[in-house]
Amino acid sequence: MEDITAVLNKKAALDVSAQQSVSVTKVLDPEIDLGTLLCFDSNDFDTPQLRSDQEKYLTYETRNNVQLLINKLFELPMKNEDGYMYVDLPEPRYNLPREKPLPTPKPLTKWQKFAIEKGIKKTPKPKATWDDILQKWIPTYGYKKAAADKEKDWILEVPGNAADPNIDLFAQKREAKKERVAKNEYQRLRNIAASRKIKVPAVGLPPLEGTLHSNQLKTAVDVAKISTASVGKFQPKISKEVVSIKKNIPGLKKNKIPAKSMKDEKSSSLQILESINNKKPKFNLEKAANKAIHAEEVERHREKKEGSDKKKGGRSRSKGSFKRPTANTGKRLGKQKGGRKRR
Amino acid sequence: MAVIQRVVKPRTKRGKRILLKKEPKIIENTKHCVFIPGRKSSLLVSSCMKDLLKLKKPDAVMLTQKNDILPFDDAVQIEKLLQKHDSSLFFFSSHNKKRPNNLVLGRTYDQHILDMFELGIESYKGCSEFKGLSEISAGVKPVLVFLGEQFDSDQQLKRIRNLFIDMFQRQPLKQIRPNGIEHVMSFTAVDSKILLRSYRTVLTKTSLKTPRVELIEVGPSVDFVVRRDHMASADLFKTACKRPNIKGKKIKSVRRDNFGSKLGRLHMTKQDVNTLQTRKMKGLKKTYAERKMKRKSDEVKNGPAVKKPKVATQSKKLKKFSKKGRKLRGGQV
């Protein structure tokens, strides 16, 4: 029994000494923010001690404050994970400025706004589609799609409504693609400008960088010409100036097209309708038959002529091959035997 | 139409990732620091910078080239340098006759200078004169102790304290190992000087739960005097300190039970038992007198019931007939 009390007494004495070693008393309680591990001590300094031994005093004061902070830290509920003891820190109370402003929602593009207004929803496109011609899966976009297009489009059909059938359709396609990319880029930049609230100049003004296209220069001239108080009415003509296409100038009022007669309007709209309907190559039976007959006739004619030539033999000059003699061109005409002309 | 010069648009996935990393976020990246040597520097300042770099690593870089910058005359160059390194804290060292052993520390908000303080080094003892800095594990969060009531009373020192905390606090933590507190930095404001000391902790076990702390100085130990300053206006500082609403709006009356099913609590008005429709029986049917009584009481409450005029419907019918009639009259019947 005596032993137990002795042990208990010993433990109590130890605890008291430990408590003494751990506890710190201060006139003003220092502000402690456990979330950031901060300690603000606004107690007055013991000036004589600070003057006599600065380093020792500073260490002493700092130690006391750290001790207080650690005491508070050990009061928090301890958790155990994989043998490590840790505590959950409270939210930091001390407010520090941010590095960057709070993120703002991304501004909608013109199309996105329109789609919301109209309730248009994006339909997901399949990542790849089966191509019947190439007999393989072609991705919707990417380099493999471009390669497949190249492989597939080695021939292009001339549409029936083509104004000029001899036009280079491949070049046209390439140009159209370029235009589409450029338009998309322009719209992207316009959206960026709108989101940053930058005023975009009207379409007619040429960009400040890079080499300009002649069309851009033309519109620039046009815009400059009408940019007077009298809207270019008294502007003299520049020498070698191409008649300006004023319809290209943005913001300029367009002339109203005079009303057509009923007959004209009907024919023009029918023409449009036909051109829309008739995108497939047109097959004109009559024309084709005529062509075939003509070709046949030509063939027959040639055969006939060749046959007669053989029968006749000797020199004969067809009407078509007759040529006027040319002097001193160094070319011999007609059928001439070799050797020097003997006189 | 020629393609106009592109506004920065990443061409590769990697480039996109880098730009995305630099974008403003709700929970931000750790603030990084750039150490910029000025046009001319002394041995003292440069070694002090190196020691501070040791305390700030790994969230810091030291530029190797000298930079001809005067932060208080033209801060744009510093802003650019910080933008390049995607960091918002900086130390700048310089040394000249007018301001010997000069150290400028500052920070930016939204790529513009927020605060900037010029500190002169009065006395300095480097890490090499002490022992034990290497024993502190890298990247450990230090305890920051500020001594002196001047830090609370003086507006300038208050802001400097904020800057020091921003500079040395490292990233905010959710959890910590209490025994893992290894590093202590103390800042003392006394006699218009700021004394920076850095210590290593030694925790000794006691019979209680909490250990006793002892400190060993590890350096650097620097005495600063504040020279010039540039402080953000209270307005700008307030906007910079704006905290995001991470939690969002509190959802009321909805909880989940242990099995993960959603349970909601509905709040209803009190049910009127008198009007409740119970089982219909002949015996419970209201008599004519009762119904009349009820109608009268309703009239008193809501005013006399309006009856629909029957004439209107009649006229409509008449019109229909008349149309037909006229037709008949006009035709040859």
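What you see is a predicted model; the values in this text were computed from it and never measured.
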- request: Verify side chain to side chain contact (heavy atoms under 4.5 Å, CB included) between B:Ile113 and B:Thr108, making sure each step is shown before the conclusion.
  value: CA-CA 4 Å; B:Ile113 295 283; B:Thr108 61; 4.0 Å; yes

field: Lys/Arg cation over aromatic B:Phe237: B:Arg159, 6.0 Å, 45° cone
entry: yes

task: Examine whether an atom of B:Ser87 lies under 4.5 Å from a heavy atom of chain A, and if so say whether it belongs to the side chain, the backbone or both; otherwise answer neither.
output: backbone

field: B:Asp152/B:Arg161 salt bridge by N-O under 4.0 Å criterion
entry: yes

task: For atom CZ of A:Phe170, decide whether the heavy atoms of other residues, nucleotides or ligands shown that lie under 6.0 angstrom number more than 12.
output: yes

query: What part of B:Phe151 lies closer than 4.5 angstrom to a heavy atom of chain A: side chain, backbone, both or neither?
result: neither

- prompt: Quick one: what part of B:Leu114 sits under 4.5 Å from any heavy atom of chain A, side chain, backbone, both or neither?
  reply: side chain

- prompt: Would you call B:Glu28-A:Lys100 a salt bridge at under 4.0 Å N-O?
  reply: no

query: In terms of side-chain geometry, is the basic nitrogen of B:Arg197 or B:Asp223 positioned less than 4.0 Å from the acidic oxygen of its partner?
result: yes

message: Can you pull out every side-chain hydrogen bond (donor to acceptor under 3.5 Å, both in side chains) where at least one residue sits in residues 24-36 of chain A? Sequence neighbours excluded, please.
response: A:Lys26-A:Asp41, A:Lys26-A:Glu61, A:Asp33-A:Thr36

message: Tell me which one of B:Phe35, B:Phe224, B:Phe164 satisfies side-chain contact (heavy atoms from CB on, under 4.5 Å) with B:Leu105.
response: B:Phe164

query: Of all the residues in residues 185-193 of chain B, which have a heavy atom that comes within less than 4.5 Å of a heavy atom in chain A?
result: B:Ser186, B:Thr188, B:Ala189, B:Val190, B:Asp191

task: Using non-hydrogen atoms and a 4.5 Å limit, figure out which bit of A:Tyr60 sits close to chain B: side chain, backbone, both or neither.
output: neither

query: Does a side-chain N-to-carboxylate-O contact under 4.0 Å join A:Glu185 and A:Arg188?
result: yes

query: Checking B:Arg107 against chain A: side chain, backbone, both or neither under 4.5 Å from a heavy atom?
result: side chain

message: Is B:Ile216 close to chain A through its backbone or its side chain, or both, or neither, when contacts mean heavy atoms under 4.5 Å?
response: neither

message: Taking side chain as everything from C-beta outward and backbone as N, CA, C, O, which of these in B:Val145 sits under 4.5 Å from a heavy atom of chain A? Side chain, backbone, both or neither.
response: both

message: Checking side-chain contact (heavy atoms from CB on, under 4.5 Å) between B:Val184 and each of B:Thr201, B:Ile136, B:Leu144, which is the one that passes?
response: B:Thr201

field: Among A:Met85, A:His213, A:Glu91, residue most engaged with chain B (heavy-atom pairs, under 4.5 Å)
entry: A:Met85

- prompt: Does any heavy atom of chain A fall under 4.5 Å from the side chain of B:Asp86, the backbone, both, or neither of them?
  reply: both

